[in-house]
Amino acid sequence: MEKLSWLTLLVNRYLGGMALQLLQALHIKPSDPVNPIPQHIVMLALVVVIGSLLALWLKPRLSAENPGGFQQVVEMLLTNPLGFGIRDLLVENAGHEGLKYVPLVGSTSVLILLASLLGVVPTFSSPTAQVSVPLGCAIVTFIYFNWRGIRHHGAGGYLKHFAGPVWWLAPLMFPVEIISTCARVLSLTVRLWANIFASDLLYVIFLGLLVQPVIWGWDKNPALGAGLGIFPALIPLAFIGLHIFVSIIQTYVFTLLPAMYIGFATAEEH
């Protein structure tokens, strides 16, 4: 069972009773009745609070003439010289109309970035390491790009996209395209969840493997144990860097793919 952070225990202490009553009213049996609010829900709520507070703090400080350091970092998330900002990817894949998709795609990307980076904070964990969180983001993305496709082409025109340009291949192409489009939910979910989960798991495994020699060395000689302890002490730093790198890459992927899906859904030719 996952070790609960102090924040999760605190939230369950004051709100767990209400959550338990709600779950019972919905005929849902929690896996842990003592702490019915799961860790990843608490962590995700914390990410939303942190993101909201940062946005509220930044808004009155925005300046075109003298942007602060934090504003420049946020602007780099939107657009940057390397061309992998949220706005850059949307414009590249969906044209100039891509700017109107920034609010939802950008919000999802920032949520994933903050949620993934939360795992580097001691005692906290990345909510994206729980499959339900990436699945929720993937479902929202799936609904959004299909809705945009329907708004752009109309329901009939959007469905016609799945038939392909060759009419006599339509009976074959239509089910293939429908299955391929629905599979994007699974693709988005597994890619994000597996990478963040693996990053956390690797840290635990390697730290566990290196701690055992330290214990053995300490029993033999304290000096030997202290010498062997250098490696486990450096492991957290290495894996913190790895986790940050994986979080940024997965956020980029979860921005690029929705941008491509929106571009496909709103394209005049499929």
Side-chain angles (χ1 to χ4, degrees), residues 1-57 107-143 185-186 188-212 215 232-233 235-244 246-248 250-251 254:
M1 180 180 291
E2 182 183 11
K3 184 178 180 181
L4 300 181
S5 70
W6 63 267
L7 181 60
T8 303
L9 295 173
L10 184 66
V11 169
N12 275 285
R13 179 179 178 182
Y14 291 101
L15 301 178
M18 290 188 294
L20 188 59
Q21 291 178 1
L22 177 61
L23 292 173
Q24 289 174 345
L26 297 173
H27 303 287
I28 299 175
K29 185 178 180 180
S31 57
D32 183 4
V34 178
N35 299 292
I37 305 176
Q39 170 110 322
H40 65 278
I41 297 297
V42 176
M43 294 296 106
L44 190 61
L46 177 62
V47 167
V48 173
V49 170
I50 292 173
S52 300
L53 290 176
L54 289 175
L56 291 173
W57 180 84
S107 298
T108 305
S109 299
V110 172
L111 176 71
I112 290 171
L113 178 62
L114 294 178
S116 300
L117 290 176
L118 191 63
V120 304
V121 180
T123 75
F124 289 169
S125 61
S126 301
T128 43
Q130 291 291 328
V131 68
S132 58
V133 176
L135 177 61
C137 294
I139 290 174
V140 169
T141 300
F142 177 79
I143 294 173
V185 175
L186 181 63
L188 287 170
T189 301
V190 173
R191 183 179 284 106
L192 175 59
W193 166 73
N195 280 277
I196 300 301
F197 177 78
S199 178
D200 289 342
L201 186 61
L202 281 173
Y203 169 70
V204 174
I205 291 174
F206 275 90
L207 187 61
L209 290 174
L210 290 172
V211 164
Q212 293 303 318
I215 296 174
I235 282 294
L237 297 178
F239 276 90
I240 285 173
L242 175 64
H243 191 89
I244 292 173
V246 171
S247 300
I248 293 173
Q250 290 309 307
T251 301
F254 213 104

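In what follows, every heavy atom counts, from backbone to side chain, and hydrogens, waters and symmetry copies are set aside.
Closest approach of Thr123 to Gln39, counting heavy atoms only: O-NE2, 4.5 Å. When all heavy atoms of Pro33 and Pro36 are compared, the pair lying nearest together is O-CD, 3.5 Å. Nearest heavy-atom pair across Pro134 and Trp193 is CG-CB, 3.8 Å.
A heavy-atom distance below 4.5 Å is not found between the side chains of Phe197 and Val131. Between Ile139 and Leu135 there is a side-chain heavy-atom pair separated by less than 4.5 Å. Inter-residue side-chain proximity for Cys137 and Ile112 is flagged as met; some heavy-atom pair is nearer than 4.5 Å. Taking the side chain as every heavy atom from C-beta outward, Ser126 and His243 approach each other to under 4.5 Å. Ser125 places none of its side-chain heavy atoms less than 4.5 Å from the side chain of His40.
With rounding to the nearest 0.5 Å, the separation of OG1 in Thr128 from CG in Leu44 is 9.0 Å. Expressed to the nearest 0.5 Å, how far CZ of Phe254 lies from CG of Asn195 amounts to 12.5 Å. Going from atom CG of Leu113 over to atom OG of Ser247 covers 7.0 Å, rounded to the nearest 0.5 Å.
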Under 3.5 Å, which donor-acceptor pairs link side chains of residues 10-29 to any protein atom two or more places apart or in another chain?
{"from": "Asn12", "atom 1": "OD1", "to": "Ile37", "atom 2": "N", "distance (Å)": "2.8"}
{"from": "Asn12", "atom 1": "ND2", "to": "Thr8", "atom 2": "O", "distance (Å)": "2.8"}
{"from": "Asn12", "atom 1": "ND2", "to": "Ile37", "atom 2": "O", "distance (Å)": "3.0"}

